[in-house]
Protein chains: 2
Amino acid sequence: MVNKNTESPEQKQPLVKPGIKPPPSKVQMDDIARLAGVSVSTVSRALSHSPLVSAKTQVRIAELAASLKYSVNVGAQNLRRGQNRTVAVVIPYDSSSRQHVSDPFFIGMLGSIADALTLQGYDMLLSRIDAERLDLAAQYCDSGRAVGVIVIGQWRHHDQLNELAARHLPLVVWGAELPKQMYCTVGSDNVEGGSLATGHLLKTGRRRIAFFGDTQMPEVAQRFEGYERAHAALGLPMSEELNVVVPFVAEAAREAVKSLVAKKIAFDAIFACSDLLAITAIGALRDVGLSVPNDIAVIGYDDVDMASYCHPALTTIHQSIEVAGRALVDALLAIQRGDEALPNHLPTRLVIRASA
Amino acid sequence: MVNKNTESPEQKQPLVKPGIKPPPSKVQMDDIARLAGVSVSTVSRALSHSPLVSAKTQVRIAELAASLKYSVNVGAQNLRRGQNRTVAVVIPYDSSSRQHVSDPFFIGMLGSIADALTLQGYDMLLSRIDAERLDLAAQYCDSGRAVGVIVIGQWRHHDQLNELAARHLPLVVWGAELPKQMYCTVGSDNVEGGSLATGHLLKTGRRRIAFFGDTQMPEVAQRFEGYERAHAALGLPMSEELNVVVPFVAEAAREAVKSLVAKKIAFDAIFACSDLLAITAIGALRDVGLSVPNDIAVIGYDDVDMASYCHPALTTIHQSIEVAGRALVDALLAIQRGDEALPNHLPTRLVIRASA
DNA sequence: CGCAATATTGCAATCGATTGCAATAAAGCG
DNA sequence: CGCTTTATTGCAATCGATTGCAATATTGCG
């Protein structure tokens, strides 16, 4: 290595198998240095705008690098600098139901997180992992691939998330604030949301409102609490049979409608915990000959793009995906910086968007 | 470094700022080696199941590593091995319309690619980039962050994609086969799809079918060709005014319907180039008092989950997202291995899914 | 029990960059 | 013009792992 330059000039490409691919041997700092007639040190400093390198040398090297389409090897750079600008984003999937998450809200959130990360100069490593094995998310940090993890949704795994946080893993979760929570969450006030939605239906005279959601999930449980409060506030009774367990997959909503009808349980409205469930339920209701909104009023949650394109437009609780994505990213980076002043839960705004 | 072990035993943590975070100093091979009383070499070999290490030592080290929750530093490993198991997935966005892609089909494809990559033991780097600057995708390979790039959709940038391929960048694109194409595409037969959809409408007696799509995009252009062929096959005339430029964003479909109606252009059906456009168009049609499917029949494309939940269920051309994701990943890995026998275009299947 | 053959182990170089420190070149000053 | 000060530059160590090769420990066999 020391005296390489004094030997034959073309002795590179040590590991390249003969026969194929001589051209794509990647250009690296060494090459730039040789061509510019300086040392690698100087190239490194020039490319990172060190004041130790004169302005004209910087320009010359920058141009050379650009013309060779050189990009520094991020892996090597990270190794040496002990840094890393990648964040892992995890979308848990429910292995028991063998269903991958396809809810547009969760998926849409991805895009907004991607944008927020890009804006901060971070890369995004996307990973779907089994909701039962959330601990696997730690791998991304342990192996140095990412500096932190964003998990979309708490699902049924508050405990696993706590364990992750206990391992000092920079972690932010989209979800609800829970008691004894060791990790940071970002999310809207689900109790308020549930209350808004239910209140809207009650105000329009509905009295038997079916609740579609899986209260084993913290966010849903809180929305149900809002449902209860809205009833209580008006001194109205509720009925146990109207609380239907519906996970976040479309087919479940269809089944739920069928089941209510089959059991001849009377209801005049549905509060669905996601727009996907709401839209599917509307379809199912019509299939069994019920009119929406005349016979049954339906209200959704999330306000995904598609909601406003349904007919009639779906009334729903709006959560801003853009704000959420930015908040998640900001929180994660703050934690990673060691920001102590960060609260355990960051609320995002919530409004009801009624159909015209 | 040489005589480190002979000096004071606790002299590590060189860069850790005092005050915060003493525990999360990451455990590394060095630590395992010290605790096991062997050299790093042995630990490295043990963890990669080298036959040079005896079985019992392997087990001992594996257990020690597990108990310390150690994961090898992938960055360092990649650097040394000169390999890399990450693929960049690019979702271009249209900066001119300042609209981020939210079409469920594209987004759904992400999930399926993620699954296919995970199955092969690859990580997925997700990136949204400006469709005008697709060349930026090369950065991911140049900087060694990824071994190849999957681009979802060709958009208007066949030329840019060709340039990327010319730079010997392992690249696979979801899209149509085009003349003079230097890169590998995966996609269904769009001419056939367009023909199927149009034929279906013609068969049910529709004669003035509006085409919703942007024929500047290759895939859409081919679907339009199918539209023309279906007409030609039956010797039916077409009308220029029914070819409406509609990019892949929901609002555009709404505008297109309004515009047709405002211009008093007669039509009895719409062939929309995506389900998102179809569903939005249906809503817009109803808003102006037109009945679907009585007055206007609508057919979509893609068969996204939501399509079957609409009311009435949307008739649409089904493309399997799962198959597509797998095909994209397989193709990319084949290219990356230097597989010469790979064709330029890999077709995926296509069927029409008519509403009941 | 002695020596050759085999099974394990560790040293040291290496991957592609960054950076402290010493060396050199350029500039400033009397 | 000579010497100090300042601006550039390069050497060599380093990040956390992998691996060829030489060294050592173990085993087998006569």
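Quick note on labels: first sequence line is chain A, next is B, and so on, each numbered from 1.
Put simply, OG1 on B:T118 and CD1 on B:I113 are 11.5 Å apart, with the number rounded to the nearest 0.5 Å.
Remark: the A:S44 side chain and the A:S41 side chain contain no N/O donor-acceptor pair separated by less than 3.5 Å.
Remark: A:Y70 is in phosphate contact with C:dA17, judged by side-chain N or O atoms under 4.0 Å from OP1 or OP2.
Separating the CZ atom of B:R80 from the P atom of C:dA13 is a distance of 12 Å, rounded to the nearest angstrom. The separation between B:Q83 atom CD and C:dT14 atom C1' is 15 Å, rounded to whole Å. In this entry the distance linking CG of A:N84 with P of D:dC15 reads 17 Å, nearest Å. Across the protein-nucleic acid pair, A:D30 atom CG and C:dC15 atom P stand 9 Å apart, rounded to whole Å. Atom pair B:N78:CG and C:dC15:C1' shows a separation of 11 Å (rounding to whole Å applied). Rounding to whole angstrom units, CG of residue B:N73 and P of C:dC15 are separated by 18 Å.
Contacts between residues 35-61 of chain A and DNA chain C, defined by a heavy-atom separation under 4.0 Å, are made by A:S41, A:S44, A:R45.
Nearer to the 5' terminus of DNA chain C, by closest-nucleotide assignment, is the contact made by B:G82 (compared with the other of A:Q77 and B:G82).
Salt-bridge check for A:R326 with A:D330: failed, with every basic side-chain N at 4.0 Å or more from each acidic carboxylate O. Checked for salt-bridge contact, B:K69 and A:D142 miss the test: no charged N lies under 4.0 Å from a carboxylate O. At a threshold of 4.0 Å, the pair A:R128-B:D115 counts as salt-bridged, since one of the basic side-chain nitrogens sits closer than that to a carboxylate oxygen.
Remark: B:A137 engages B:V90, B:I129, B:V149, B:L164 in a side chain to side chain contact (heavy atoms under 4.5 Å, CB included) (not counting sequence neighbours).
Of the candidates D:dA17, C:dG16, C:dT18, C:dT18 carries the atom nearest the A:M29 side chain, counting heavy atoms from C-beta on.
In terms of polar N and O atoms assigned as donor or acceptor, the side chain of A:R81 never comes within less than 3.5 Å of the base of C:dT18 in a complementary pairing.
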